[in-house]
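What follows is one structure encoded as structure tokens, with my remarks underneath.
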Amino acid sequence: QVWELCAKTYPPFYRCLPFEALHTLPLGPAKHLLREQMPLLSKGQKAEILARLKAFHTSGFSVKLYGNVCYYYQSFCGRDFKAWVQMALFIIGPYLDDGELAVWKSFCKVFQIAYSKSFSPSLSDEWRCLCQTFVDTVKQHKPHLLQKQKVHLILHLVGCMENFGPTSAFNAAERFELFDSNVHTYVFSNRLSSSRDIAQHFAAIQHLRYICQACYFSDSERCVHLVFNGYFH
């Protein structure tokens, strides 16, 4: 009922909720395109790519790629993909066929739009056309990627910018993820399943808070087991 009331009272708020573009693009199309391309390269081509990366001037980049990218690309996180897309055409461009090159070129243009620091309504039609071109190019050369929801979300990128401004104004994922290191510091974990350990830790804290407020659980034995393992163990 609450959402129905919002839909009737504030239609733009209900229909135009933005998506995390600065999270969707690096961990969506950028990740899928890179992971598809690397296994197709020969050993000699990978050696040339490493040489190109070492020769690439990255003094203007906020994030740099280290190590053997050709073998550790599956461990990339969002900031690594962000750095990779900025240099991708110069590094792997010579090893792509015409279809793959067209996909990468159109995606780099969309990536530039997403990370722009300003937005002008006069550019809406042009930018929306570039987003549509990328999806059409993927449909023509890599149709299996259309099954990925993050590829479809690109069509809504310009609409979100029209309603909320540049993506940096409504994307908070990177800001909140900066606190991950602080959370890991105070939560005991073997790092094999840190998300589970963090969830159990905070759940145990909530259990303790609930008990300290003179409340009780119907299954007290299981509650004590969870609190002991999640907080005291």
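Residue numbers count from 1 along this sequence.
Each salt bridge (charged side-chain N to carboxylate O under 4.0 Å, His left out) pair with one or both residues in residues 95-109, not counting sequence neighbours, would appear here, but there are none. Annotation: salt bridge (charged side-chain N to carboxylate O under 4.0 Å, His left out) contacts involving residues 150-170, sequence neighbours excluded, comprise R128-E162. Pairs engaging residues 44-56 under the salt bridge (charged side-chain N to carboxylate O under 4.0 Å, His left out) rule: none recorded [sequence neighbours left out].
The aromatic ring centroids of W84 and Y73 lie 6.0 Å or more from each other.
Both Y115 and L155 sit in one connected hydrophobic cluster of ILVMFWY residues. Membership requires side-chain heavy atoms under 4.5 Å apart, directly or through other members. Under the 4.5 Å side-chain heavy-atom criterion for Ile, Leu, Val, Met, Phe, Trp and Tyr, F90 and V69 are members of the same hydrophobic cluster. Taking hydrophobic clusters as Ile, Leu, Val, Met, Phe, Trp and Tyr residues chained together by side-chain heavy-atom distances below 4.5 Å, Y71 does not share a cluster with F76. Note on I49: it does not cluster hydrophobically with Y72, by side-chain heavy-atom contacts below 4.5 Å among ILVMFWY residues.
Counting all heavy atoms, side chain and backbone alike, C131 lies closest to V110 at CA-CG2, 4.0 Å. Between A21 and T167, the shortest heavy-atom distance links the atoms CB-CG2, 3.9 Å. Scanning all heavy atoms of the two residues, the minimum distance from A30 to W104 falls at O-CH2, 4.5 Å. Considering every non-hydrogen atom in both Y95 and Q37, the closest pair reads O-NE2, 3.9 Å. Scanning all heavy atoms of the two residues, the minimum distance from T24 to L153 falls at CG2-CD1, 4.2 Å. For the residue pair A114 and L25, the shortest heavy atom distance occurs at CB-CD2, 3.7 Å.
By the salt bridge (Lys or Arg N to Asp or Glu O under 4.0 Å) test, K142 pairs with E36, sequence neighbours left out. Listed by chain and number, the residues in a side chain to side chain contact (heavy atoms under 4.5 Å, CB included) with S120 are S122, L123 (sequence neighbours excluded). Legend: residues meeting ring-ring contact (aromatic ring centres under 6.0 Å, His included) with F134, ordered by chain and number and at least two apart, are F107. When the side-chain hydrogen bond (donor to acceptor under 3.5 Å, both in side chains) test is applied to S75, no partner is found at least two apart in sequence or on another chain. Scored by the side chain to side chain contact (heavy atoms under 4.5 Å, CB included) test, C129 finds T133 as partners (sequence neighbours excluded). Under the ring-ring contact (aromatic ring centres under 6.0 Å, His included) criterion, H156 pairs with H152, sequence neighbours left out. With sequence neighbours excluded, no residue satisfies side-chain hydrogen bond (donor to acceptor under 3.5 Å, both in side chains) with S118. Here L146 pairs with V135, V138, K139, V151 under the side chain to side chain contact (heavy atoms under 4.5 Å, CB included) rule; sequence neighbours left out. H141 meets the ring-ring contact (aromatic ring centres under 6.0 Å, His included) test with no other residue; sequence neighbours excluded.
Between L27 atom CG and E20 atom CD the span is 11.0 Å, to the nearest 0.5 Å. The distance from the CD atom of Q74 to the CG atom of L34 is 9.0 Å, given to the nearest 0.5 Å. One finds the CE atom of M161 at 6.0 Å from the CG atom of L157 (value rounded to the nearest 0.5 Å). Note that CD1 of I92 is 6.5 Å distant from CE of M38, once rounded to the nearest 0.5 Å.
Counting only heavy atoms from C-beta outward, the side chains of C70 and L41 never approach each other to under 4.5 Å. In this structure, the side chains of M87 and L53 come closer than 4.5 Å at one or more pairs of heavy atoms. Contact annotation: the side chain of S106 never approaches that of L130 to less than 4.5 Å [non-hydrogen atoms, C-beta and beyond]. Within the 4.5 Å cutoff, side-chain heavy atoms of L145 are placed close to those of L33.
Listed for the T137 side chain is no donor-acceptor partner under 3.5 Å among the backbone atoms of A102.
Atom CZ of F56 is surrounded by more than 12 heavy atoms from other residues, nucleotides or ligands within 6.0 Å.
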